[in-house]
Novice: 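Here it is, the structure in full.
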Amino acid sequence: MKIIPILYSVIILILFVQSGYASEGLTGYRNLTSFGCHLEDGTCFVEIDGNSVGASTCISNTIRFNVLNSLNGRNWLSLLQTAYIAKKQVNLNIEGCYVNQPTYPTFNFGYINN
């Protein structure tokens with residue numbers, strides 16, 4: 001019957017789409033592939049490997065944060081710079097979109113792997 005191959009194809013498609021589904025929450029430990037900061041507005045960013053993350057309106061592998069307006073922004077700048085240079089993995093909790101550039105996700109806490 002033709003229904004079985006079609007049903008099988010639909011199931012495979014659903015599993016494929018869900019496997020790459022981006023979301024909020026912890027990213028799982030990831031490598032940092034690039035790091036940088038804007039010169040004038042306090043925006044810094046890290047790019048992580050693997051699947052994109054973020055809410056449906058700001059899915060990306062680049063995660064933005066502000067070092068001037070965030071209470072611990074400068075601390076995280078230092079932590080992420082150190083992790084990037086030492087090639088340590090990070091696990092960031094993605095929460096919402098970055099206010100200054102809402103097409104990118106942002107984070108509210110994270111971990112650095114030893």
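Because the structure is a prediction, the values reported are computed rather than measured. Below, each value reflects all heavy atoms present in this structure, side chains not excepted, and no hydrogens, waters or symmetry copies.
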Novice: Will you find, in the side chains of Tyr111 and Asn93, an N or O donor that is under 3.5 Å from an N or O acceptor?
Specialist: no

Novice: Kindly compute the distance separating CG (Leu77) from SG (Cys37), expressed to the nearest 0.5 Å.
Specialist: 5.0 Å

Novice: Which distance, rounded to the nearest 0.5 Å, do you find between the CZ of Phe65 and the SG of Cys44?
Specialist: 4.5 Å

Novice: Quick check: closest heavy atoms across Cys58 and Gly96, and the distance to 0.1 Å?
Specialist: SG-O, 3.9 Å

Novice: What's the shortest heavy-atom distance between Cys97 and Ala55, and which atoms?
Specialist: SG-CB, 4.4 Å

Novice: Just how far is it from atom NZ of Lys87 to atom CG of Asn113, taken to the nearest 0.5 Å?
Specialist: 15.5 Å

Novice: Below 3.5 Å, can you tabulate the donor-acceptor pairs from side chains in residues 68-76 to any protein atom, sequence neighbours excluded?
Specialist:
residue	atom	partner	partner atom	Å
Asn72	OD1	Asn75	ND2	3.0

Novice: Looking at Phe35 versus Phe45, is the centre-to-centre ring distance below 6.0 Å?
Specialist: no

Novice: Go through the side-chain N and O atoms of Glu95 and Asn108 and say whether any donor and acceptor fall under 3.5 Å apart.
Specialist: yes

Novice: Looking at Gln89, is its backbone amide N or carbonyl O close enough to the side chain of Asn31 to form a donor-acceptor pair, meaning the two atoms are under 3.5 Å apart?
Specialist: no

Novice: Using a distance-only test with no angle check, is there a side-chain donor-acceptor pair under 3.5 angstrom linking Asn61 and Ser52?
Specialist: yes

Novice: Side chains of Thr43 and Tyr98 only: does a donor on one sit below 3.5 Å from an acceptor on the other?
Specialist: yes

Novice: Kindly determine whether Phe109 and Asn91 satisfy side chain to side chain contact (heavy atoms under 4.5 Å, CB included), including the steps that lead there.
Specialist: CA-CA 9 Å; Phe109 70 88; Asn91 187 2; over 6 Å; no

Novice: To the nearest 0.5 angstrom, please state how far the CD atom of Glu24 sits from the CZ atom of Phe107.
Specialist: 14.0 Å

Novice: Out of curiosity, does Leu32 fall in the hydrophobic cluster containing Ile94 (side-chain heavy atoms, cut-off under 4.5 Å, transitive links)?
Specialist: yes

Novice: I'd like to know if the side chain of Thr27 reaches the main chain of Leu92, judged simply by a donor and an acceptor atom lying under 3.5 Å from each other, with no hydrogens or angles considered.
Specialist: yes

Novice: Classify the side-chain pair Gln101/Arg64 by whether it contains a donor and acceptor separated by less than 3.5 Å.
Specialist: yes

Novice: Please report the C-alpha distance between Ile59 and Val53 in whole Å, then the side-chain angles of each, then the deciding distance to 0.1 Å, and finally whether the side chain to side chain contact (heavy atoms under 4.5 Å, CB included) criterion is met.
Specialist: CA-CA 5 Å; Ile59 297 171; Val53 297; over 6 Å; no

Novice: Step by step, would you call Lys88 with Asn114 a side chain to side chain contact (heavy atoms under 4.5 Å, CB included)?
Specialist: CA-CA 7 Å; Lys88 298 290 185 181; Asn114 188 7; 4.1 Å; yes

Novice: Is there a side chain to side chain contact (heavy atoms under 4.5 Å, CB included) between Val46 and Val90? Walk through the geometry before answering.
Specialist: CA-CA 10 Å; Val46 292; Val90 299; 5.8 Å; no

Novice: Where do Ile112 and Tyr29 come nearest, in terms of heavy atoms and distance?
Specialist: C-CE2, 4.1 Å

